[in-house]
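What follows is a set of notes on a single structure, which appears directly below.
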There are 2 protein chains.
Amino acid sequence: MTQDNFTIKQISALFDLPASTLRYYEELGLLEGVERTSSNQRIYHQNHVERLNAIQCFKDAGMSIQELVRFFQYEKDEAGSIDDILNLLQTRKELVETQLSNMKKSYKHLQKKIKFYSAIKEAKINNKPIPKWDDYK
Amino acid sequence: MTQDNFTIKQISALFDLPASTLRYYEELGLLEGVERTSSNQRIYHQNHVERLNAIQCFKDAGMSIQELVRFFQYEKDEAGSIDDILNLLQTRKELVETQLSNMKKSYKHLQKKIKFYSAIKEAKINNKPIPKWDDYK
DNA sequence: AGTTGACTTAAAGTTAACTTGAAGTTATAT
DNA sequence: ATATAACTTCAAGTTAACTTTAAGTCAACT
């Protein structure tokens, strides 16, 4: 029997999110069916952990909170909206593809800049001629 | 002789940024030495184009405007701050590495979700049993 | 029994990154 | 010459995503 109820503090630690954010997500409808103890404190379950993992993932993919709300609503209306879901996912997938390629480009840019400034540093130390950025582009 | 002066409109089109954003960047110090025509309109040069390319790149790498301002200031103070620059770049490089790996993870998540919902769609059309998400995780 | 600390709500506040508006000047088209 | 379009400044407004505050309840320790 794996543990299946968590306090807000545990969830907060687990996802490195302030408790206020968890309440905020709940208020927006991203976390549903959060139960309470007899003294009104929140109890989270495994399904919330999974939901939060999904949220992290989608956020990393650049989804806005609005979009997330929409997505989980679609998922609940198991009914018709599969095309809506697929549409949203497909669009997001394409966005992530461009983001990935942009980010790889900037990663290379960073690497070049680092090499360039390391070379400058070297040159200064050894009193050698200062390199030119144009040679690193 | 390659063209080397651009109106705000041209730059705006080139980078798909509203003119207001270009003025804003200038106000923040991201774009320096923007000259004016006799009638006070901005003239941009090749160096601004390059700067904006760098800005795009760094922004894709997740740098905030504040950080960009700081970076370009360091770059100007050719003097001592090479360690500061390298530090900033190195930190950013590491951040980009985790972002990249997170984003790749979410990309896979998206792909799985798409497969899953495509399968549901298929199943509905052909009146077959509805697949379970657990089989796709 | 009293204090400390973790929780609760609801509302107001914050921050980043723009964006818009108002009011004025200059440039272009008819 | 006159309308309209493109620029200018400066200040105020917007949006997303939280975050903080105030005021209260409840549980746990000493």
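Proteins get letters first, then strands, A, B, ... in listed order; numbering begins at 1 in each.
In this model, the phosphate group of C/dT26 is not approached by any side-chain N or O of B/R36 to a distance below 4.0 Å at OP1 or OP2. The shortest distance between the side-chain N/O atoms of A/T21 and the OP1/OP2 oxygens of D/dT19 is below 4.0 Å. Residue B/S64 places no side-chain N or O under 4.0 Å from the OP1 or OP2 atom of C/dA16. Remark: A/Y24 is not in phosphate contact with D/dA16, judged by side-chain N or O atoms under 4.0 Å from OP1 or OP2. A close approach under 4.0 Å does occur between a side-chain nitrogen or oxygen of A/K59 and OP1 or OP2 of D/dC18. For D/dC18, the OP1/OP2 oxygens have no side-chain nitrogen or oxygen of A/S20 closer than 4.0 Å.
Taking atom CD of residue A/E26 and atom C1' of nucleotide D/dC18, one finds them 16 Å apart after rounding to whole Å. Look at CE on B/M63: it is 16 Å from P on C/dA16, rounded to the nearest Å. Rounded to an integer number of Å, the gap from A/L31 CG to D/dC18 P is 12 Å. Atoms CD1 (A/I8) and P (D/dC26) sit 17 Å apart, rounded to a whole Å. Atom CD in B/Q66 sits roughly 12 Å away from atom P in C/dC18 (whole-Å rounding). Rounded to an integer number of Å, the gap from B/I55 CD1 to C/dA17 C1' is 13 Å. Rounded to whole Å, the distance from CG on A/L22 to P on D/dT19 is 11 Å. Remark: P of D/dA17 and CG of A/L17 are 14 Å apart, rounded to the nearest angstrom.
For the 3.5 Å distance criterion, the side chains of B/Y117 and A/E75 qualify, holding a donor opposite an acceptor. Checked by atom type, the side-chain pair B/D60/B/Q56 shows no donor-acceptor distance below 3.5 Å.
Relative orientation of the B/H48 and B/Y44 rings is perpendicular, given thresholds of 30° and 60° on the angle between their planes. In this pair, B/H109 and A/F58 present their aromatic rings tilted. The plane angle is within the 30 to 60° band.
Residue whose closest nucleotide on DNA chain D sits further toward the 5' end, between A/Y25 and A/Q41: A/Y25. Both A/T7 and B/I65 lie near DNA chain C, and the one whose nearest nucleotide falls closer to the 5' end is A/T7.
Among the heavy atoms of the strands lying under 4.0 Å from B/R23 is at least one base atom, whether or not backbone atoms are also near.
Taking every side-chain heavy atom of B/S39 into account, C/dT26 is the closest of C/dT26, D/dA27, C/dT8. Among the nucleotides D/dC7, D/dC26, D/dT8, the one closest to any side-chain atom of B/K9 is D/dC7. Taking every side-chain heavy atom of A/R42 into account, C/dT9 is the closest of C/dT9, D/dT8, D/dC18.
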Practice problem: Test A/K93 against A/E97 for side-chain contact (heavy atoms from CB on, under 4.5 Å), laying out the working first. | Solution: CA-CA 6 Å; A/K93 188 188 152 197; A/E97 275 160 8; 3.3 Å; yes
